[in-house]
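Basis for what follows: all heavy atoms, side chains included, without hydrogens, waters or symmetry-related copies. To find a chain, count down the sequence lines: A is the first, B the second, and so on, and within it residues start at 1.
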There are 2 protein chains.
Amino acid sequence: MTTTTGQEIADALGTLLRRTTRARLYAHLTEGLGEALDELTYPVLSGLTRTGPCSAADLGRAVELDRTTVTRRADRLERAGLLRREPDPADGRATLLAVTDEGRELIQVTRQRLAARIERSLDAWPGTDAEVFARCLRRFVDEGPFADDGADAGQG
Amino acid sequence: MTTTTGQEIADALGTLLRRTTRARLYAHLTEGLGEALDELTYPVLSGLTRTGPCSAADLGRAVELDRTTVTRRADRLERAGLLRREPDPADGRATLLAVTDEGRELIQVTRQRLAARIERSLDAWPGTDAEVFARCLRRFVDEGPFADDGADAGQG
DNA sequence: AGTTTAGCGTGCGCGACGCACGCTTTTGCT
DNA sequence: AGCAAAAGCGTGCGTCGCGCACGCTAAACT
């Protein structure tokens with residue numbers, strides 16, 4: 001592969017990782033869905049939808065957030081009725097976080113919005129470019145330059 | 001295009017936009033290059049390398065940061081000798097920010113590290129997938145679901 | 001039975017951010 | 001020419017999110 005390919009990706013990544021990019025996207029996705037659902041709380045609720053009911057610590061591990069951060073964000077979601085706390089019947093210490101029906105609905109709306117935005121921007125792409133891109137992006141994110149393990153860059 | 005394609009991209013985006021993802025990447029890139037260069041200051045210095053000498057306000061517009069935020073981050077970079085402030089000869093009010101030689105060198109190192117990480121992870125990709133992916137990512141970031149203008153999602 | 005570990009919520013300090021202020025210089029209008 | 005409005009800068013200050021450390025309760029282990 002050519003060096004320019006790396007540079008091209010690096011550039012795109014730079015703009016993609018901006019705070020404002022994330023903020024803008026989440027603002028669009030959660031627009032009109034209430035104060036509680038925003039850039040910070042969405043990942044918690046969405047993650048919880050994936051994992052199913054679980055502890056704050058486990059959810060934190062799943063979405064790479066500190067346990068206490070999850071707790072605080074969950075407070076907001078609970079106050080808004082999007083998330084429910086219930087004692088773990090199997091463990092007296094634990095508190096299970098669970099998405100309420102209302103919360104699930106909002107997550108569904110948000111995800112549809114996101115999918116729609118993505119699909120709209122990919123509509124004009126020729127041939128199977130969109131599908132190929134999706135697979136490549138998935139792979140890139142999973143195995144890409146964000147890995148935790150070693151991979152000392154060394155830079156020559 | 002299929003709905004699953006949109007979902008697939010949405011998932012990847014979710015993990016890509018995590019704070020920890022950005023933090024981890026920048027930690028790798030700036031490792032061992034001094035305290036001053038980190039996740040926060042790097043975009044400023046890198047952006048300034050692109051724009052050439054300019055005011056804090058202009059740089060802020062270029063990298064989508066508040067003017068005062070640029071100023072504060074520039075303070076750190078200036079103290080470390082990676083950035084220089086000089087009065088604008090054409091405007092008595094203005095202060096030009098300019099990258100020093102040392103700063104330019106560090107940016108170059110960082111960019112090479114990033115490119116190397118990217119290229120390494122793309123090495124095993126078959127055929128021209130990497131080049132295609134690069135172009136697609138570029139286009140996706142530019143025209144994608146992050147646009148500022150309208151594009152009311154509507155969701156239904 | 002007693003100790004160690006795991007889980008939870010919260011107080012607190014730290015750091016980043018952006019608004020608003022005061023100041024200087026330029027611009028533009030009369 | 002002269003004065004008002006605007007543009008540029010740095011900084012004080014309030015706000016907010018984060019994560020560590022603490023105290024507490026309950027499970028697990030010896």
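For Arg93(A), the side-chain contact (heavy atoms from CB on, under 4.5 Å) test picks out Asp91(A), with sequence neighbours left out. A search for side-chain contact (heavy atoms from CB on, under 4.5 Å) contacts involving Leu106(A) returns Leu33(A), Leu37(A), Leu82(A), not counting sequence neighbours. Checked against side-chain contact (heavy atoms from CB on, under 4.5 Å), Pro89(A) has the following partners two or more places apart in sequence or in another chain: Leu96(A). Every side-chain hydrogen bond (donor to acceptor under 3.5 Å, both in side chains) that Asp38(A) has, sequence neighbours left out, goes to Thr41(A), Arg76(A). With sequence neighbours excluded, the residues forming a side-chain contact (heavy atoms from CB on, under 4.5 Å) with Val63(B) are Leu59(B), Leu65(B), listed by chain and number.
Side-chain N or O atoms of Arg22(A) include none that pairs as donor or acceptor with a backbone N or O of Glu39(A) at under 3.5 Å.
Residues from residues 67-75 of chain A with heavy atoms under 4.0 angstrom of DNA chain D, sorted by number: Arg67(A), Thr68(A), Thr69(A), Arg72(A), Arg73(A). In the region residues 82-94 of chain B, proximity to DNA chain C at under 4.0 angstrom, judged on heavy atoms, holds for Asp91(B), Gly92(B), Arg93(B). DNA chain D lies under 4.0 Å from at least one heavy atom of each of the following residues of residues 35-55 of chain A: Leu40(A).
Sorted by first and then second residue, the ring pair (Phe, Tyr, Trp, His ring centres under 6.0 Å) pairs involving residues 59-103 of chain B (not counting sequence neighbours) form an empty list. Contacts classified as ring pair (Phe, Tyr, Trp, His ring centres under 6.0 Å) and involving residues 101-138 of chain A (residues at least two apart or in different chains) are given here: Trp125(A)-Phe133(A), Phe133(A)-Phe133(B), Phe133(A)-Phe140(B). Here ring pair (Phe, Tyr, Trp, His ring centres under 6.0 Å) pairs that include residues 45-91 of chain A, with residues two or more places apart or in two chains, number zero. Every pair passing salt bridge (Lys or Arg N to Asp or Glu O under 4.0 Å) that includes a residue from residues 4-14 of chain A is listed here, sequence neighbours excluded: Asp11(A)-Arg50(B).
As rounded to whole Å, 11 Å separates atom P of dA20(C) from atom CG of Asp66(B). Atom CZ of Arg79(B) and atom C1' of dG10(D) are 13 Å apart (whole Å). The interatomic distance linking Leu96(A) (CG) with dA26(D) (P) rounds to 16 Å, in whole Å. Distance CZ (Arg76(B)) to C1' (dA16(C)): 10 Å, rounded to an integer number of Å. Put simply, OH on Tyr26(B) is 16 Å from P on dA16(C), counting in whole angstrom units.
For Glu86(B), the CD atom is densely surrounded, since the number of other residues' heavy atoms within 6.0 Å is greater than 12.
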